[in-house]
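We use all heavy atoms of the structure for the numbers below, so side chains are in, but hydrogens, waters and symmetry mates are not.
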Amino acid sequence: MELAAKYNAAEVEDKWYAYWLDHKFFHSEPNEKEPYTIVIPPPNVTGILHMGHVLNNTLNDVLIRNARMHGKNACWVPGTDHASIATESKVVAKLKAMGISKEEIGREEFLKHAWEWKEEHGGIILQQLRKLGCSCDWDRTRFTMEPALSEAVINTFVYFYRKGWIYKGVRMVNWDPEALTAVSDDEVVHKDTKSHFYHLRYFISDGQGNPTDKFLVIATTRPETIMADAAICVNPNDERHHWLRGKKVLIPLINREIPVIEDDYVEMDFGTGCLKVTPAHDVHDYEIGLRHNLPVLEIIDDHGKLNEKAQILVGEDRFVARKKIVKMLEEAGNLVKVEDYTSPVGYSERTDAVIEPKLSAQWFLKMDTLAKVALETVESGRTKFIPERYVNTYRHWMENAHDWCISRQLWWGQRIPAYYLPDGKFVVEATPEAALKAAQAICPDIKAEDLRQDEDVLDTWFSSWLWPISVFDPEMPGHPDHEPNKDLAYYYPTSDLVTGPDIIFFWVARMIMAGEEFMGREPFSNVYFTGIVRDKIGRKMSKTLGNSPNPLDLIETYGADAVRIGMLLCSSAGNDIFYDEAQIKQGAAFCNKIWNSYRLVKGFSVDDSIAQTPAAAAAIRWFDAKLSETVATVEDHYRKFRISDALMAIYKLFWDDYCAWYLEAIKPAFGQPVDRATYDATLGYFEALLKLIHPVMPFITEELWQNMEERQEGETIMYAAAPAVKPFANDVLVNFELAEEAVNGVRGIRNQKNIAPKETLDLKVKGGFPAEVIPVIEKMGNVKVATVDDFGSGQGVGFMVRTHEMFVALSGLVNVAEEIAKLEKDLAYQQKFLAGVRGKLANERFVAHAPAAVIENERKKEADSLSKIESLESQLNILRNSQ
RNA sequence: GAGGGCAUAGCUCAGUUGGUUUAGAGCGCUUGCUUGACAGGCAAGAGGUCACUGGUUCAAAUCCAGUUGUCCUCACCA
């Protein structure tokens with residue numbers, strides 16, 4: 001096959017991806033082989049690919065392809081997440097643009113729109129993953145809201161309800177006034193926000209609802225909530241306020257009378273020591289209210305606007321109301337002062353709206369047992385975290401886990417299977433039919449139309465926590481007695497999970513809980529936490545900053561292999577990634593290097609009749625060992641999830657060892673053919689290199705592998721066996737390194753003296769140097785080597801390769817005074833070094849305490865140093881005599 | 001406020017349980033090369049008081065304590 005002069009990534013990538021798909025190479029079925037399983041962290045169904053996905057899925061693909069080439073039955077299950085809040089708000093926005101509100105059209109109509117949206121946008125991100133080269137088993141693609149998986153979720157709800165771990169309760173929840181739903185504690189982001197501390201004067205009531213001239217001062221950041229005040233609270237130990245005992249005060253502007261109460265919760269030295277208690281609109285106030293039996297008066301509605309119970313400013317948004325009421329308070333003489341104040345305020349993770357604490361009826365799942373078990377899973381090491389330090393974070397959360405608020409006031413999601421009877425009682429059943437039956441057991445006359453299903457849906461994480469189970473066997477969850485089906489029995493537990501640390505609680509922890517609860521064991525053996533992708537100067541990638549490149553543009557420009565390399569190059573586990581396009585360029589350059597190294601070899605003409613050169617023989621002996629050594633290193637890196645180190649080891653093997661040394665050593669002179677043995681060995685090494693790098697660069701490796709010889713239809717590098725480690729002699733490596741250093745020495749001298757590489761030099765080497773690599777030195781250094789006992793008195797420059805002395809003969813080019821100065825400097829250093837080593841060896845305590853190997857090493861240093869000094873002195877003598 | 005991570009070359013990072021002289025790599029930088037696959041290349045080179053202070057040890061980038069800087073997680077005071 002002819003090979004293009006340049007690598008055309010776009011063409012090659014589409015061709016081979018289609019080929020892989022056609023042959024179903026990504027598809028896995030249970031068989032007798034050992035499984036290697038990954039479930040994808042399901043991206044939001046409406047999402048589009050960003051750099052974080054690129055990093056995550058490249059890592060996943062590297063692991064899965066590597067496992068496949070190591071003979072495992074590799075299965076990577078893809079899919080998407082219905083992402084209830086994110087998707088619902090997108091659909092709401094779309095409808096809004098069309099002038100439609102969701103309340104107007106109702107639940108069923110809205111869901112139709114949502115499904116339409118899903119059908120239209122849902123597949124995009126999965127298509128984009130194909131561009132990246134991801135070898136997902138697309139036949140197994142799942143969606144968290146597809147019927148089977150939804151059923152699993154509902155069954156799970158029923159299961160926990162029957163177990164008594166799900167309960168409905170009125171709680172203070174985090175209300176998102178924009179999305180109009182409660183969100184869990186974990187979905188609230190606290191941000192320091194500039195606001196004001198308003199000091200307000202509350203007058204003491206005379207008992208008839210009239211103000212006296214006495215007053216107290218409270219400090220608040222939320223003056224718009226004073227109409228909902230139920231009491232003023234002080235610390236019982238605060239003597240400054242004892243005079244207030246039993247008194248009542250009047251809420252400014254509306255003059256409603258409220259009591260002064262005492263509670264330890266109030267800090268004496270914060271603010272004025274007086275706290276206004278607003279049970280309906282603050283979590284702590286709610287608790288104080290419970291302790292003191294205070295009435296709860298809600299004055300803010302679901303949209304964050306004041307309602308009629310506020311009496312004033314009705315219908316105003318809470319923030320507008322704040323501004324207005326401050327003015328009113330000032331005019332009424334209740335405003336003492338305003339301070340600037342910065343305090344943490346909760347925002348909704350999804351909509352960025354300020355969270356409003358709100359009292360409402362929600363469903364909760366008890367966490368205590370689940371968390372305890374899941375903590376043990378990780379502490380025992382049955383699931384390992386990489387990097388390990390995330391175990392600390394995990395433990396902290398697990399030990400403080402609150403019950404999980406699982407209901408959401410949304411429509412896009414699995415609807416809670418609770419059915420209310422007209423009298424307010426409810427039953428929990430998986431289907432309306434079962435619910436009717438259950439209801440009739442309570443109240444025999446009841447009919448289907450009398451039952452009303454709960455309006456709320458379940459938190460998205462309540463479906464994704466089943467992911468490693470439900471993708472294989474959707475019937476499994478909720479039926480603990482159910483025998484796992486064939487797939488689940490084979491693929492569960494999965495092997496590795498690659499995800500970001502930001503969802504360690506949302507998702508990872510909860511999958512472990514579900515895994516332990518339903519399967520009795522961990523859902524995965526290893527969790528690899530990636531870092532967050534940041535830009536070059538460390539900022540998070542974001543749409544608003546515009547610092548996030550479109551991965552598809554990058555793939556188009558540089559090729560998917562280059563993008564994959566670029567992301568992997570500087571991605572050690574758990575460290576944030578500083579994205580820089582230069583890394584992708586480096587990846588593209590590497591593709592180019594691989595391509596051209598193959599073009600060189602392909603261009604050789606082979607002559608079966610000629611013998612192998614000694615240089616080629618030495619190079620082959622060496623590269624054989626070097627390859628094995630590197631493969632061992634790479635495998636070790638993979639085992640430890642040091643993916644970027646594995647990549648770098650292969651990169652250097654390919655570029656430095658194979659291209660710069662091996663190919664140069666075996667390359668025939670221009671116009672000359674190469675012998676058969678060398679040619680075959682070279683192609684063999686090239687194929688091994690392709691296999692080694694294939695998990696990282698799937699496309700170019702397939703292209704070249706297919707080009708190397710006529711392959712059968714259905715053959716692929718994807719299933720080629722990874723190069724194995726063969727035993728090798730270490731001295732083969734050491735001897736070649738000596739040759740490299742000798743060549744480097746000669747090149748250094750050329751550079752220094754401005755001698756053209758073409759000019760052949762005479763190199764004298766003292767006896768004892770390994771003879772087998774001398775042809776390599778001659779070829780690579782363009783020198784004629786003579787092994788001698790003595791360098792004689794000719795002009796030239798000496799240097800040392802470890803303990804071996806070398807001498808390049810040069811006439812007329814040597815500045816004797818300069819050389820002498822250089823040698824003297826080296827000599828001085830060696831003498832100082834020797835003194836250091838001898839000092840150490842003279843130290844009795846060192847000799848007494850240090851292990852024998854360390855002392856032995858010091859003695860070797862001493863001997864080497866002595867020999868170097870001797871050599872330097874003899875060279876100096878020669879030079880001095882020549883003057 | 002509580003807990004945790006990190007601090008090594010201009011940048012991004014290794015440094016495998018303390019022991020090779022002068023602490024490594026990739027990129028970048030400097031210098032020189034139409035070296036017959038590749039200028040997306042080749043060759044040579046410069047560049048680091050291992051954040052600071054103290055301690056343990058025969059021996060510390062590595063272990064311990066403190067300081068400073070930085071990042072993250074959790075909680076949150078009205």
Check your understanding: On a whole-Å scale, what distance lies between the C1' atoms belonging to A2(B) and A75(B)?
Key -> 8 Å
Study note, to complete from the structure: Which of Tyr679(A), Trp661(A), Tyr662(A) passes ring pair (Phe, Tyr, Trp, His ring centres under 6.0 Å) with Tyr685(A)? It is Tyr662(A)
Study note, to complete from the structure: Testing A14(B), A37(B), G40(B) for proximity to the side chain of Lys593(A), the answer is A37(B)
Point to revise | P spacing across the pair A46(B) / C38(B), given as an integer number of angstrom | key: 30 Å
Practice item. Could you work out the separation of G5(B) and C77(B) based on their P atoms and round it to a whole Å? Key: 28 Å
**Study point:** Contact state string [nucleotides 73-78 of chain B, B base, S sugar-phosphate only, - no protein heavy atom under 4.0 Å]
**Key:** SS-BBB
Practice item. Between A7(B) and C64(B), how far apart are the P atoms? Round to whole Å, please. Key: 13 Å
Check your understanding: Are any of Lys667(A)'s side-chain N or O atoms less than 4.0 Å away from OP1 or OP2 of A37(B)?
Key -> yes
**Study point:** First encountered from the 5' end of RNA chain B, between Asp636(A) and Lys585(A)
**Key:** Asp636(A)
Exercise for review: Spell out protein contact along nucleotides 24-31 of chain B as letters: B when the base is contacted, S when just the sugar-phosphate is, - when no protein heavy atom is under 4.0 Å; keep the 5' to 3' order.
Suggested key: -SSS----
**Study point:** Pairing pattern in dot-bracket form [Watson-Crick, G-U; both distances under 3.5 Å; | = partner strand] for RNA chain B
**Key:** (((((((..((((.....[....)))).(((((.......))))).....(((((..]....))))))))))))....
Practice item. Would you confirm whether Trp595(A), through its side chain, and Ile700(A), through its main-chain N or O, come within 3.5 Å as a donor-acceptor pair? Key: no
Study note, to complete from the structure: Testing U16(B), C38(B), U21(B) for proximity to the side chain of Lys861(A), the answer is U21(B)
**Study point:** Side chain of Arg534(A) (C-beta onward), nearest among C71(B), U16(B), C58(B)
**Key:** C71(B)
Practice item. Please step through side-chain contact (heavy atoms from CB on, under 4.5 Å) for the pair Leu663(A) and Phe686(A), ending with a clear verdict. Key: CA-CA 10 Å; Leu663(A) 285 181; Phe686(A) 186 73; over 6 Å; no
Check your understanding: Expressed as a whole number of Å, how far does the P atom of U16(B) sit from that of C76(B)?
Key -> 40 Å
Practice item. Look at the side chain of Glu664(A) and the base of A37(B), then say whether one donor and one acceptor between them are separated by less than 3.5 Å. Key: yes
Check your understanding: Using atom C1' of each nucleotide, how far apart are G3(B) and U49(B) to the nearest Å?
Key -> 33 Å
Review point. Considering only G19(B), G40(B), C58(B), which nucleotide approaches the side chain of Lys6(A) most closely?
Key: G40(B)
Check your understanding: Expressed as a whole number of Å, how far does the C1' atom of A59(B) sit from that of C52(B)?
Key -> 22 Å
Check your understanding: Which nucleotide sits closest to the side chain of Asn843(A): G40(B), C42(B), C58(B)?
Key -> C58(B)
Practice item. Over 60° means perpendicular and under 30° means parallel, so classify the ring planes of Phe590(A) and Phe654(A), tilted if in between. Key: perpendicular
Check your understanding: Are the aromatic ring centres of Tyr390(A) and Tyr394(A) under 6.0 angstrom apart?
Key -> no
Exercise for review: Using the P atom on both, measure A23(B) against G48(B) and round to a whole Å.
Suggested key: 11 Å
Check your understanding: So, Lys194(A) side chain and Thr342(A) main chain: donor-acceptor pair closer than 3.5 Å or not?
Key -> no
Exercise for review: Please step through side-chain hydrogen bond (donor to acceptor under 3.5 Å, both in side chains) for the pair Asp229(A) and Thr278(A), ending with a clear verdict.
Suggested key: CA-CA 4 Å; Asp229(A) 287 355; Thr278(A) 320; 3.0 Å; yes
Review point. Mapping Trp661(A) and Asp864(A) to their closest nucleotides on RNA chain B, which lands nearer the 5' end?
Key: Asp864(A)
Exercise for review: May I ask you to test the Glu759(A)-Asn782(A) pair for a side-chain heavy-atom distance under 4.5 Å?
Suggested key: no
Check your understanding: What nucleic acid atoms does Cys659(A) come within less than 4.0 Å of, heavy atoms only: base, sugar-phosphate, or nothing?
Key -> base
Review point. So, does His281(A) use its side chain to make a donor-acceptor pair with the main chain of Ile299(A) at under 3.5 Å?
Key: yes
